[in-house]
Amino acid sequence: MEAAQCPGDPGLTPLVGELSVADADFRQWWAGRQVPSLRVGAKRLRHPVAGDVTLDWDSLTSTADAAQQLVITTAEPGTPSHDGLRFLASWTAVVCSCTARTADP
């Protein structure tokens, strides 16, 4: 998919050659143009404090510029992954100790 966006990229030919030599499946996929267009998926991460975290992700492509994407990651509520993310988020929580002030007349 990315190669189709920039077919004249000088780094593309050597990369395709290297991958073709190293992987028979890649050779078939490249020759058949069978490139999956993933828009959603799951990613498993291992955080040194929060442990294993599985995140679901969804990729949204801009209609104005297909090269611009927004990737949203979430964890299923009630899962250890969700708890791990909430724990990590608590490290950045800002507690405001200021009080609301009214403007002086």
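We count residues from 1, following the sequence as given.
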Inset, instruction - Report the hydrophobic cluster partners of L70, with the cluster defined as I, L, V, M, F, W, Y residues connected by side-chain heavy atoms closer than 4.5 angstrom, directly or transitively. - result: L60, I72
Legend entry - Residue pair T54 / A75: nearest heavy atoms and the distance that separates them: O-CB, 4.1 Å
Inset, instruction - Would you mind reporting whether T74 and W57 have side-chain heavy atoms less than 4.5 Å apart? - result: no
Inset, instruction - Enumerate the residue pairs fulfilling salt bridge (Lys or Arg N to Asp or Glu O under 4.0 Å) with a member in residues 54-81, sequence neighbours excluded, ordered by first and then second residue. - result: none
Which donor-acceptor pairs under 3.5 Å do the side chains of residues 40-53 make with protein atoms, sequence neighbours left out?
unit_1	atom_1	unit_2	atom_2	d
R44	NH2	D52	OD2	2.9
R46	NE	D52	OD1	2.8
R46	NH2	D52	OD1	3.2
R46	NH2	D52	OD2	3.3
H47	ND1	V49	N	3.0
H47	ND1	A50	N	3.1

Legend entry - Gap separating the CH2 atom of W30 from the CG atom of L19, nearest 0.5 angstrom: 9.0 Å
Legend entry - CG-CD distance between D23 and Q28, expressed to the nearest 0.5 angstrom: 9.5 Å
Table please: side-chain donor-acceptor pairs of residues 83-95 below 3.5 Å, with sequence neighbours left out.
unit_1	atom_1	unit_2	atom_2	d
S90	OG	F87	O	2.5
T92	OG1	A89	O	3.0

Inset, instruction - Among Ile, Leu, Val, Met, Phe, Trp and Tyr joined by side-chain contacts under 4.5 Å, find the other residues sharing a cluster with V21 and list them by chain and number. - result: none
Legend entry - Reported CZ-to-OG distance for the pair R27 and S20, which is rounded to 0.5 angstrom: 7.0 Å
